[in-house]
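Atoms considered below: every heavy atom in the structure, side chains included; atoms not considered: hydrogens, waters and symmetry mates.
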Amino acid sequence: MKFSWFICLAILFISGCGHTPVRHVYPAALPPETAEPAVSAARAEAFKKVLAPAAVRGVVLYPSAFGERFDDRTILQTVSRLGFNRIYCHLTSEQQLDDRLTGFLTAAGKYDIPVEIVFSQADFYRRYRGNRLIRNCLIQYPDITGAVEELIEYQQELPENVKISGVTVILTPHLFNGDNVERIQGKIYSWSDDRYGIGRDNDMLMQESLTLAGKIAALPGIMPLTIAIADFYHDRAAAGELSCGKVTDFFAPAKKVAVISSGNLPSKLPGNVSDELAAAPAGKKILIFVPLAEHTSVDNGKLRRRNWNDFQRSINNLIRKSAASPAFGGVIISPLSVVEFLRQEK
């Protein structure tokens, strides 16, 4: 009997935990042998010129960077030195809307660098059932709409001269785990003939994600909204294999759309986003999101490179080719820690 009571109390305690656990994303360490200060400074100056043609020159930070080694002043000076003009602060939990973030926003304002908050759909869902995206039945984490609502409340409580410049929501319907044993682990669908197509699982999840984006866009007090999507959604929808998912669909709820490039090789970067740039409605801007690999794996959909020069050539090639499109609005590079590693590597 006592054991049963203990189980019941444990379930009640767990059910009452209403916060999404913080997922720690640690920054890369600096290289063991760093370049001479003059070399590092020259690289930063050259990179600033590479970024210059892009209106939005964004870089992604995680709160784990806010440590003693990576203090606000160091981070903001580095961002400015490299030529970035916007910071995308990726939070993995609504718990990170705290005093530490307020301090960083205050410091960024003194450097005149706008800060946008990023939430990923994948961080606020835990299970899949019946073609629906749902939360765990015991631990009631806020869904991403709830997290954005908390962000809006947090914004309203900030000091008068401290504001968040926007919110980016990363939609990830292709990343959810499922109970169906036929599904590949880590994916809700695998684009195969038996589960892929209009009206099937993946299509219903895409519809669900677009509906979610609309709900977020309609929240009272919402700041300028950017929707970030994987680079293959548009291609599948344009090929008639999805009922929705074209880049035009995401512009309905959002001010801007960011396309996350999965190109592993520098030569693939421009081509991975060219269709979206061509299909963007007149007057709309697309941001190209470039995730950087910490290692040289070709399996994780992130840009790999040999050294700083290789990285700089890759971004230069991407911006130069993309700038020919009137829809090109800029780039977002993630994360700053890897950029710094490359810049300071001997």
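- No donor-acceptor distance shorter than 3.5 angstrom exists from the side chain of H234 to the backbone of E276, with no hydrogens or angles considered.
- More than 12 heavy atoms of other residues, nucleotides or ligands shown are found within 6.0 angstrom of CG on N307.
- Using a 4.5 Å heavy-atom threshold, the side chains of V148 and I216 count as touching.
- Under the 4.5 Å side-chain heavy-atom criterion for Ile, Leu, Val, Met, Phe, Trp and Tyr, F311 and V39 are members of distinct hydrophobic clusters.
- The minimum heavy-atom distance linking G263 with L269 is given by the pair O-CD2, 4.2 Å.
- Looking at every heavy atom in both residues, L210 comes nearest to G245 through CD1-N, 4.2 Å.
- Not a single donor-acceptor pair under 3.5 Å links the side chain of D112 to the backbone N or O of N85.
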Between Y62 and V60, is a side chain to side chain contact (heavy atoms under 4.5 Å, CB included) present by the stated rule, with each step listed? CA-CA 7 Å; Y62 292 92; V60 176; 4.2 Å; yes
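- We find the OH-CD distance between Y88 and E116 to be 4.5 Å, quoted to the nearest 0.5 Å.
- The two atoms that bring Q312 and R43 nearest to each other are OE1-O, 3.9 Å, heavy atoms only.
- Although no hydrogens or angles enter the test, the distance criterion places a donor-acceptor pair under 3.5 Å between the side chain of K285 and the main chain of P326.
- A donor atom on one side chain and an acceptor atom on the other are found under 3.5 Å apart for Q207 and D203.
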For a side chain to side chain contact (heavy atoms under 4.5 Å, CB included) check, start with the C-alpha distance between V59 and L82, then their side-chain angles and the critical distance, and finish with the verdict. CA-CA 10 Å; V59 66; L82 287 164; over 6 Å; no
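- F119 and V167 make their closest contact through CD1-CG2, 4.5 Å (heavy atoms, listed as atom of the first residue, atom of the second, distance).
- E208 places none of its side-chain heavy atoms less than 4.5 Å from the side chain of M204.
- Looking at heavy atoms from C-beta onward, T168 lies out of side-chain contact with I117 at the 4.5 angstrom threshold.
- The line from NZ of K268 to OG of S261 is 10.0 Å long, rounded to the nearest 0.5 Å.
- Side chains of D71 and T74: a donor on one and an acceptor on the other come within 3.5 Å.
- Under the 4.5 Å side-chain criterion, counting only non-hydrogen atoms from C-beta, F232 is in contact with H174.
- The distance from the OG atom of S334 to the NZ atom of K302 is 7.0 Å, given to the nearest 0.5 Å.
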Worked check of side chain to side chain contact (heavy atoms under 4.5 Å, CB included) between R73 and Y111: CA-CA 9 Å; R73 182 181 177 186; Y111 279 79; 3.6 Å; yes
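- Pairing each heavy atom of A122 with each of T172, the nearest pair is N-OG1, 3.2 Å.
- Rounded to the nearest 0.5 angstrom, N309 CG and L342 CG are separated by 10.0 Å.
- Using a 3.5 Å distance cut-off with no hydrogens or angles, the side chains of D123 and T92 do not pair a donor with an acceptor.
- A donor-acceptor pair shorter than 3.5 Å can be found between the side chains of Y154 and T102.
- Residues F289 and V273 are not in side-chain contact: their nearest non-hydrogen atoms beyond the backbone lie 4.5 Å or more apart.
- The environment of NZ in K48 is crowded: more than 12 heavy-atom neighbours from other residues, nucleotides or ligands sit within 6.0 Å.
- In this structure, the separation between OG on S80 and CD1 on I75 is 13.5 Å, given to the nearest 0.5 Å.
- Remark: side-chain polar atoms of S322 are paired, donor with acceptor, to backbone N or O of L318 under 3.5 angstrom.
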Steps toward side chain to side chain contact (heavy atoms under 4.5 Å, CB included) verdict (L287, V257): CA-CA 6 Å; L287 306 177; V257 171; over 6 Å; no
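- No donor-acceptor pair closer than 3.5 Å links the side chain of D231 to the backbone N or O of V259.
- Taking a cutoff of 4.0 Å between a charged side-chain nitrogen and a carboxylate oxygen, D310 and R304 do not qualify as a salt bridge.
- Here the side chains of F328 and I286 are not in contact, with every heavy-atom distance at 4.5 Å or above.
- Using a 4.5 Å heavy-atom threshold, the side chains of V169 and L225 count as touching.
- No hydrogens or angles considered: a donor-acceptor pair under 3.5 Å links the side chains of R320 and N317.
- For the pair P253 and A217, the tightest heavy-atom approach, listed with the atom from each and the gap, is O-CB, 3.3 Å.
- Counting heavy-atom neighbours within 6.0 Å of K346 NZ, excluding the residue itself, gives a total of 12 or less.
- Counting only N and O atoms by type, the side chains of S40 and R343 include a donor and acceptor under 3.5 Å apart.
- To the nearest 0.5 Å, atoms CD1 (I87) and CG (L61) are separated by 5.0 Å.
- Counting only distance, with no hydrogens or angles, the side chain of R57 and the backbone of G83 share a donor-acceptor pair below 3.5 Å.
- Residues P63 and L101 are not in side-chain contact: their nearest non-hydrogen atoms beyond the backbone lie 4.5 Å or more apart.
- E345 places no side-chain N or O within 3.5 Å of a backbone atom of W308 that could act as its donor or acceptor partner.
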